[in-house]
Amino acid sequence: MNTIEIQNLARRFGRTTAIDDLSLMVPEGSVFALLGPNGAGKTTTIKILMNFIPPTSGRATVLGVDSQKLGRNERSQIGYVSENQILPLWMTVRGLLDYCRPFYPTCDRELEKTLLRKFDLPEDRRLKDLSRGMLMKAALLCALAYRPRLLVLDEPFSGLDPVIRDEFVQGILEATELGNWTVFISSHDIEEVERLADHIGLIDRGRTKLNESSESLLTRFRRFEVILPGSAAALHDLPPAWLLPDQVGDRMVFVDSQYSPTATETACQQRYPGAVVTSAPMSLREIFLTLSRTSRKTPNGTAL
C-alpha cells in the first residue's frame, strides 16, 4: 500500500510550469526523500499534497484520499514541519503542547514526555527565546506526539548548525522506532537524507527522474575507471546507461546506472581488449550530482 500516490501531476503559475507530468509512489512505512535542485518543484509538490494549492492537472492521493478533499479526519493523521513554519512565539513549549493536544484525539502523553526528554526541550521557556534548532525540535515534537500516520518535513535542516542538525536527524531516527508511520522529507541536504531515507524520489524541472528504494539506487550506480591500452578516442557508441563519460589520455571514466556484477567489466574488456577496469560504489550525493548533470543533457528530463 502507498501512503502517497502522485499521478501525472502538473501545476502552472501563468506561463511558468512548476510541475510537469510528475508521478511518484511513497510506500507505507517508508522514510521517503524527495530530492531535486532548487526550482525542481519540491515545495510546489508538498503544497499540492497538503491541499494548500490545487494542481492544474493530474491527481494526488494522501492516506487514500484525493489531496483536494483532505478533511479534518485526514489532517489529524498528518504531521507537518516546514522551514517556514510560523509558531506562536509568545507561548512556552508546554503551552504549545497544551494548545495542540485537543486538536488531535490520538495524542500520546507518554510519547510526548519521552520526546521532551530526547529532544532536551525546556518546557517553561518561551518559543521566542529558543534558537532556530530548538524551535524546529519543538515543531517536530508537536507533530510526533499524536502519532501521525504521515509526517511531512519540508526542508527541515535549512539553517541549522551541524550539531543541531545531527540532533534533529537523530531525533527523527529515534522517533521512527517509536511508531509505525511514513515520513516524507523534501530536502537538498543530501548527506542528512542519506542517513534517514530508505526510498528516494528525484525530480528535476518538475519531472520524475527516479522513484525507488535507496538500496536499489545505491546498488545499480557505480563509478568506473578504464585504463585503455592506447589513447585512441573511446567515447563513441557507448551504452545509454553509461553516464557522463570522459576521457583524458588513456584514462576513461563513466558512471554505470544499470550496474550488475561483472557485466560492465566484461563489456569494457570486450570493447577495449587489455584494458584495466576498476569500479567503486557511489554515495547518494554522488548519484544525485550525476543525475542532475545528466538531466541537463537529456531532453525533457527523461527518467534514468
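FYI, side chains are in, hydrogens and waters are out, and symmetry mates aren't considered; it's all heavy atoms of this structure. Fair warning: this is a prediction, and the values are worked out from it, not measured in the lab.
- With rounding to the nearest 0.5 Å, the separation of OG in Ser67 from CG in Leu9 is 7.0 Å.
- Taking a cutoff of 4.0 Å between a charged side-chain nitrogen and a carboxylate oxygen, Arg126 and Asp129 do not qualify as a salt bridge.
- There is no side-chain donor-acceptor pair under 3.5 Å between Asp66 and Thr61.
- Under the 4.5 Å side-chain criterion, counting only non-hydrogen atoms from C-beta, Asp204 is in contact with Pro37.
- Note on Glu212 versus Arg220: salt bridge recorded, some NZ/NE/NH1/NH2 to OD/OE distance being below 4.0 Å.
- Between the side chain of Thr208 and the main chain of Ile203, no donor-acceptor pair closer than 3.5 Å is present.
- Side-chain contact between Met282 and Thr290 is present, with heavy atoms from C-beta onward closer than 4.5 Å.
- One finds the CZ atom of Arg125 at 15.0 Å from the CZ atom of Arg94 (value rounded to the nearest 0.5 Å).
- A cation-pi arrangement, defined by a distance under 6.0 Å to the six-membered ring centre and an angle within 45 degrees of its axis, is absent between Arg222 and Trp242.
- Both Val93 and Leu111 belong to a single network of hydrophobic side chains, linked directly or stepwise wherever heavy atoms of I, L, V, M, F, W or Y lie under 4.5 Å apart.
- No side-chain heavy atom of Leu96 sits under 4.5 Å from any side-chain heavy atom of Thr92.
- Geometrically, Arg11 engages Phe13 in a cation-pi contact, judged by NZ or CZ lying under 6.0 Å from the ring centre and within 45° of the ring axis.
- Within a 6.0 Å radius of CD in Glu215, other residues, nucleotides and ligands contribute 12 heavy atoms or fewer.
- Using a 30° and 60° split on the angle between ring planes, Phe52 and Tyr80 fall in the perpendicular class, above 60°.
- Side chain of Lys42 to backbone of Gly36: a donor-acceptor contact under 3.5 angstrom is found.
- Leu218 has its side chain within reach of Glu194: a pair of non-hydrogen atoms, C-beta onward, lies under 4.5 Å apart.
- Judged by distance alone, with hydrogens and angles left aside, the side-chain atoms of Gln269 form a donor-acceptor pair with the main-chain N or O of Ala275 at under 3.5 Å.
- Listed for the Arg75 side chain is a donor-acceptor partner under 3.5 Å among the backbone atoms of Met50.
- Ion pairing between a basic and an acidic side chain is recognised when a charged N comes within 4.0 Å of a carboxylate O; Arg59 and Glu5 show no such pairing.
- Between Leu238 and Phe254, the closest side-chain pair of non-hydrogen atoms is not below 4.5 Å.
- Contacts of Tyr272 classified as ring pair (Phe, Tyr, Trp, His ring centres under 6.0 Å), with partners at least two apart in sequence or in another chain: none.
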Pair up each side-chain donor or acceptor in residues 15-26 with any protein partner under 3.5 Å, not counting sequence neighbours, and list the distances.
from	atom 1	to	atom 2	distance (Å)
Asp20	OD2	Arg207	NE	3.3
Asp20	OD2	Arg207	NH2	3.3
Asp21	OD1	Asn8	ND2	2.8
Ser23	OG	Asn8	N	2.9

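- There is no path of hydrophobic side-chain contacts, each under 4.5 Å, that joins Leu34 to Val193.
- Taking 4.0 Å as the cut-off between side-chain N and carboxylate O, Glu112 and Arg147 do not count as a salt-bridged pair.
- The hydrophobic clustering, which links ILVMFWY residues whose side-chain heavy atoms are closer than 4.5 Å, places Ile190 and Phe32 apart.
- Proximity of Phe224 to Val277: side-chain heavy atoms (C-beta onward) are separated by under 4.5 Å at one or more points.
- Met1 is not connected to Val152 by any chain of hydrophobic side-chain contacts under 4.5 Å among Ile, Leu, Val, Met, Phe, Trp and Tyr, and they are in different clusters.
- The closest side-chain heavy-atom distance from Leu210 to Ile200 is below 4.5 Å.
- Between the Thr44 side chain and the Gly41 main chain, no donor and acceptor come within less than 3.5 Å of each other.
- A salt bridge links Arg251 to Glu225: one of the charged nitrogens lies within less than 4.0 Å of a carboxylate oxygen.
- For the pair Val253/Val226, no side-chain contact is recorded, criterion being any heavy-atom separation below 4.5 Å from C-beta on.
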